[in-house]
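Values below: all heavy atoms of this structure, side chains included; hydrogens, waters and symmetry mates excluded. Note that ligands are numbered from 1 as they come in the structure, with each ligand's atoms numbered from 1 the same way. Computed from a predicted model, the values in this text were never measured in an experiment.
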Amino acid sequence: MRYQTAASLVLVACFSSVVVPFAAAADDEHIVLKPQGSSSTPQKMLVFIPGGKVPNQHYEATARAIQAAAAEKQINLWVVIPAVFQRLCIISCTSPKICAPLHGAAEAALTVAQGQGWARGTDSEDLWLAGHSLGGVCANTLFQAYSSPSALPYAGLIVMGSYVDETGDHDLVNFPTPVLTLNVELDGGLARPGKTSVWWRQHLELMSSKGEGYALANKPVIVLPELNHTNFCPGFDVPGDLPAEVDQATATGLIGQSVAAFLVLQMNTSSTAEKAAAAALLSEQVAWTKQLLTPYLKAQDLERMPSDTKISAEGASPFCAHAQHMVAGMSDSDDARIEVQDGFHVDSQNLEHCHPNWTSLNDGRILIRSCGHTDYYPDISNTGTITAASEIACKMLSSDRVAEQLKTVAAVTNVPCSEGNRYAVSVAEQLAAPSTLERFRSQGRGWCFLDDAHTAGNIGPLWVFKDALQLEENATCMSVTSPVLFTELDDQIYPGSHYCKFLSPARALDWMMTDSLKPGKKSQKLTEATAATAEILI
Ligand SMILES: *[C@@H]1O[C@H](CO)[C@@H](O)[C@H](O)[C@H]1NC(C)=O
Ligand SMILES: *[C@@H]1O[C@H](CO)[C@@H](O)[C@H](O)[C@H]1NC(C)=O
Ligand SMILES: *[C@@H]1O[C@H](CO)[C@@H](O)[C@H](O)[C@H]1NC(C)=O
Ligand SMILES: *[C@@H]1O[C@H](CO)[C@@H](O)[C@H](O)[C@H]1NC(C)=O
């Protein structure tokens, strides 16, 4: 129970720490928007849950744009935007077990709509649920709270600048109704592209298991280019957000068109031509999302490739395998005599007990087995911001050991771990989508590669458990410092070792896509940032 409460508070903190710090008086009233234009088609209703701290009137323009786009497609759509207690829906819906107050607010808003002529039909066919930001998280919880195996409370869900569960019965793959995930490229907070990649992977999974048509119509995941998180609630500037690159009218129109297209694909009253046009729009948006997020997925694959089980059942880290070649510092011809197989260890205890070794092959080559591991940022109840590894830990053989075994001398000696960090950034830049790279190059804060920090006394467990990759940002750059453990060939304990914790290329991409574009404030230690926020609020 205590855990639940703590987790919910962190959730509030994460979505609303980018929102205003004062506790706004909750004097909102339920907003009811009648359908625009006359229509003979059945009445549909959209319940729109507002984001944290945002007065509900800031969603009126977005809701009207959705209605207008729906009306063009013969969808007779009502919208209610409930007023929620303290403008923080999470207080009224902390978990699927405790969500009655938020359900009550939504029902109260629907009652107002009934007073204005809305005829309630069958909820599982006519009633749609939506939410922005924290409102999207609440909508997801509300849906689950009122679902039963025999009846669904809503026809489907639309989350904007938000997402459904990361795993389980209500992740994107298993969610029992259609879900539109509508996020934006310039989201400075939790629904940033790097985080959205979690549901993008699930969309891809559905594409391969159920086909492209099914995934597009039922579980589209869209990142709209050049919009920011604030564009969903114009007039309410979300601090910590990124600057939008389209004007608000364009953004509002695009959001309206996207949501309406998703609805069209669900309506049995829509014509074949309307459905084709809707599918074409979503398909184009999904294609753009794909080129934006494929680089991030590829970068994550460098952290760990679970399918490469040559020497560890838990896979291999392609990054560590490459880094071993780098720190060896051999000439090209000698490097060609090295084969590296990495063995990945999910648990840091297993990393502790893994030590790189080698076998001489008959043809004068050697096979090196390195040890890989990744650490991640805290993600309590899905509130982690950054999905990339916070560091890639690689246990490798030293250049001296490799040279000794190859009976040669290194071409470059003393290659520092920071070379691996430079490599991580260059990989991120090579992978990045054109829009990411151009924006980063013209507006982003870059990198400062600092000298490696030696682990005290070369004590292995200290390197494994205590010393972390340090990331610290200031107005100029993100500074990165690797912990290193290095032993000579004549040392007593594990001689000839070179251990580095490296920057992940995916972490570098997240920085390029999002935080590098913010004006750097005071110097901030990022490795502990998320944990610190949690502590302050619990
Ligand atoms: C986000 O975009 C809106 C609309 O263009 C703008 O008013 C707002 O200032 C932007 N937010 C930031 C942090 O630039
Ligand atoms: C649309 O679906 C509803 C609910 O299932 C059904 O009652 C109605 O007959 C359908 N209309 C058409 C045109 O298929
Ligand atoms: C060499 O490393 C591999 C992978 O870590 C391990 O399975 C193997 O037991 C090690 N061999 C020796 C001789 O230590
Ligand atoms: C930011 O940190 C880097 C690396 O430590 C340093 O070179 C730079 O001067 C710092 N910039 C500011 C504005 O403090």
side-chain hydrogen bond (donor to acceptor under 3.5 Å, both in side chains) between Q285 and S258: does it pass, once the steps are laid out? CA-CA 9 Å; Q285 293 176 330; S258 310; 3.0 Å; yes

Short list, please: which atoms of ligand 3 are under 4.0 Å from a heavy atom of R369? 1 (C), 2 (O), 3 (C)

Keeping H132 on the side-chain end and H229 on the backbone end, is there a donor-acceptor pair under 3.5 Å? yes

Between F502 and F319 (judged by ring centroids, cut-off 6.0 Å), do the two rings come close enough to count as a pair? yes

Between the CZ atom in R64 and the CG atom in L33, the distance rounded to the nearest 0.5 Å is 4.5 Å

So, 4.0 Å and heavy atoms of C354: is ligand 3 close enough to count as a contact? yes

Suppose I only count heavy atoms of N357 and a 4.0 Å limit; which atoms of ligand 3 are within that range? 1 (C), 2 (O), 3 (C), 8 (C), 10 (C), 11 (N), 12 (C), 14 (O)

Throw together a table of side-chain donor-acceptor distances under 3.5 angstrom for residues 454-462, partners on residues two or more places apart or in other chains.
{"unit_1": "T455", "atom_1": "OG1", "unit_2": "D467", "atom_2": "OD2", "d": "2.7"}
{"unit_1": "N458", "atom_1": "OD1", "unit_2": "F486", "atom_2": "N", "d": "3.4"}
{"unit_1": "N458", "atom_1": "ND2", "unit_2": "F486", "atom_2": "O", "d": "2.7"}

Within the heavy-atom cut-off of under 4.0 Å, ligand 1 is lined by N228, T230, N231, D237, D241, L242, P243, A244, V246, Q248

S398 side chain vs H498 backbone, donor-acceptor pair below 3.5 Å: no

For ligand 3, is there an N or O atom under 3.5 Å from any N or O atom of H355? no

Keeping N183 on the side-chain end and S162 on the backbone end, is there a donor-acceptor pair under 3.5 Å? yes

Pair H353 and H345, ring centroids less than 6.0 Å apart: no

